[in-house]
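Proteins get letters first, then strands, A, B, ... in listed order; numbering begins at 1 in each.
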There are 2 protein chains.
Amino acid sequence: MTRHVQRSPGASLAAMSPGSQQRPAPVVEVVDLLFELTDRVKAQFAVVTGALELQVPQARTLLRINGPVSMRDLAARLRCDASNMTGIIDGLHARGLVERNPLPNDRRVKQVVLTEEGKRLQTRLRQRLAVDVPVLGKLDDTQRQELHAILLRVVER
Amino acid sequence: MTRHVQRSPGASLAAMSPGSQQRPAPVVEVVDLLFELTDRVKAQFAVVTGALELQVPQARTLLRINGPVSMRDLAARLRCDASNMTGIIDGLHARGLVERNPLPNDRRVKQVVLTEEGKRLQTRLRQRLAVDVPVLGKLDDTQRQELHAILLRVVER
DNA sequence: TAACAATAGTTGACCTCAACCAGTATCTTG
DNA sequence: CAAGATACTGGTTGAGGTCAACTATTGTTA
């Protein structure tokens with residue numbers, strides 16, 4: 001695209017429908033801003049993970065592992081195809097961040113757990129995200145809480 | 001249940017770092033929710049445009065055309081490479097939604113304008129988005145204004 | 001004015017990413 | 001044993017985006 005930014009559907013739709021003289025009806029504009037924000041967050045997310053020498057999918061995965069998880073459950077959490085999980089975990093494993101322990105009861109499943117190194121990196125990653133991602137940087141605690149509440153309401157989960 | 005949704009970096013990072021007993025510090029969770037929401041909006045956006053037999057990039061483009069715009073400016077608005085514009089506009093043109101008028105002063109540039117049909121479809125698209133996209137459906141006016149304000153603050157433009 | 005540089009649009013080749021699908025080996029369960 | 005689930009492999013596909021040329025036109029400048 002323009003040569004420097006990746007996009008999502010609906011950025012900058014702020015302009016109004018041709019005839020209407022009513023107020024800016026943020027209907028479409030909210031969607032617009034949302035995508036704008038998401039793009040920036042994504043970009044910054046990539047910068048942060050890159051600085052820790054993690055690929056984006058690896059970082060996403062790392063952030064989801066807390067207790068032992070099967071590959072399948074991990075894939076479900078990340079909403080990606082299970083077949084993609086293997087490669088991601090391979091990468092994390094190669095860096096000594098996770099281990100694959102076969103579950104004793106059911107030796108088909110391999111439980112993924114963080115190593116100590118993995119835990120350390122997960123914590124660093126969280127810290128860097130908190131500092132470097134614009135969602136938080138530009139909002140004070142109150143505003144962030146507000147945004148959080150609204151998002152929760154919209155996403156409802 | 002892995003195989004039907006497209007993802008973005010960082011969904012559902014809600015869990016806390018292992019050791020910490022402090023409060024849920026929504027730091028990462030906000031990012032998480034944001035991506036979750038964006039994914040849903042994108043998905044619904046695609047559904048709506050599909051119902052109007054528009055491809056997503058076509059719909060995005062349609063929403064940006066209000067006055068006459070050069071291909072280049074359009075590409076800039078959409079933050080995509082100018083080379084992608086051609087095909088998108090081709091599609092819209094084939095459906096009689098836009099026209100390419102060469103600018104008299106500078107015959108290199110082609111000005112894209114909506115036809116009457118194009119204006120009608122743009123309006124319908126806006127309406128459908130307003131109704132069917134979850135950002136608005138689950139929030140009342142006040143809440144939407146709140147979200148709008150916060151997004152504006154974060155995105156700052 | 002003739003040569004040169006720059007710009008708008010277009011085309012087409014290429015790359016990446018992730019979903020999708022099928023097949024295999026291993027294991028559990030009825 | 002048959003059926004089904006887990007993990008892994010590998011191939012295909014499609015959507016996006018990047019990039020390099022090429023044409024036509026305009027602007028600059030020696």
From [atom1] of [X] over to [atom2] of [N], roughly how many Å is that when rounded to an integer?
X: A:His93; N: D:dA7; atom1: NE2; atom2: P; answer: 15 Å
X: B:Arg107; N: D:dT23; atom1: CZ; atom2: P; answer: 18 Å
X: B:Arg108; N: D:dG27; atom1: CZ; atom2: C1'; answer: 8 Å
X: B:Arg79; N: D:dG17; atom1: CZ; atom2: P; answer: 13 Å
X: B:Asn84; N: C:dC15; atom1: CG; atom2: C1'; answer: 13 Å
X: A:Asp106; N: C:dT26; atom1: CG; atom2: P; answer: 15 Å
X: A:Gln55; N: C:dC17; atom1: CD; atom2: P; answer: 8 Å
X: A:Lys110; N: C:dC27; atom1: NZ; atom2: C1'; answer: 12 Å

Open item on the list: What contact category does A:Asp73 fall into here, base, sugar-phosphate, or nothing, at under 4.0 angstrom with non-hydrogen atoms?
Closed with: nothing
- [ ] Spell out, as yes or no, whether a donor-acceptor pair under 3.5 Å connects the side chain of A:Gln143 to the backbone of B:Val154.
- [x] no
Task: A:Glu53 backbone acceptor or donor facing A:Arg95 side chain under 3.5 Å - done: yes
What protein N or O atoms touch nucleotides 10-13 of chain D N or O atoms at under 3.5 angstrom, if any, and at what distances?
none

- [ ] Locate the shortest heavy-atom distance separating B:Val112 from B:Met71; write the atom from each residue and the value.
- [x] CG2-SD, 3.6 Å
Open item on the list: Looking at B:Glu116 and B:Arg120, is any side-chain nitrogen of the basic one under 4.0 Å from a carboxylate oxygen of the acidic one?
Closed with: no
TODO: List for me each residue that meets side-chain contact (heavy atoms from CB on, under 4.5 Å) alongside B:Val113, sequence neighbours excluded, and say none if there are none.
DONE: B:Pro68, B:Glu99, B:Asn101
Open item on the list: Quick check on DNA chain D: between B:Pro104 and A:Gly87, whose nearest nucleotide comes earlier from the 5' end?
Closed with: A:Gly87
Open item on the list: Heavy-atom count check: over 12 atoms from other residues, nucleotides or ligands less than 6.0 Å from B:Gln44 CD?
Closed with: yes
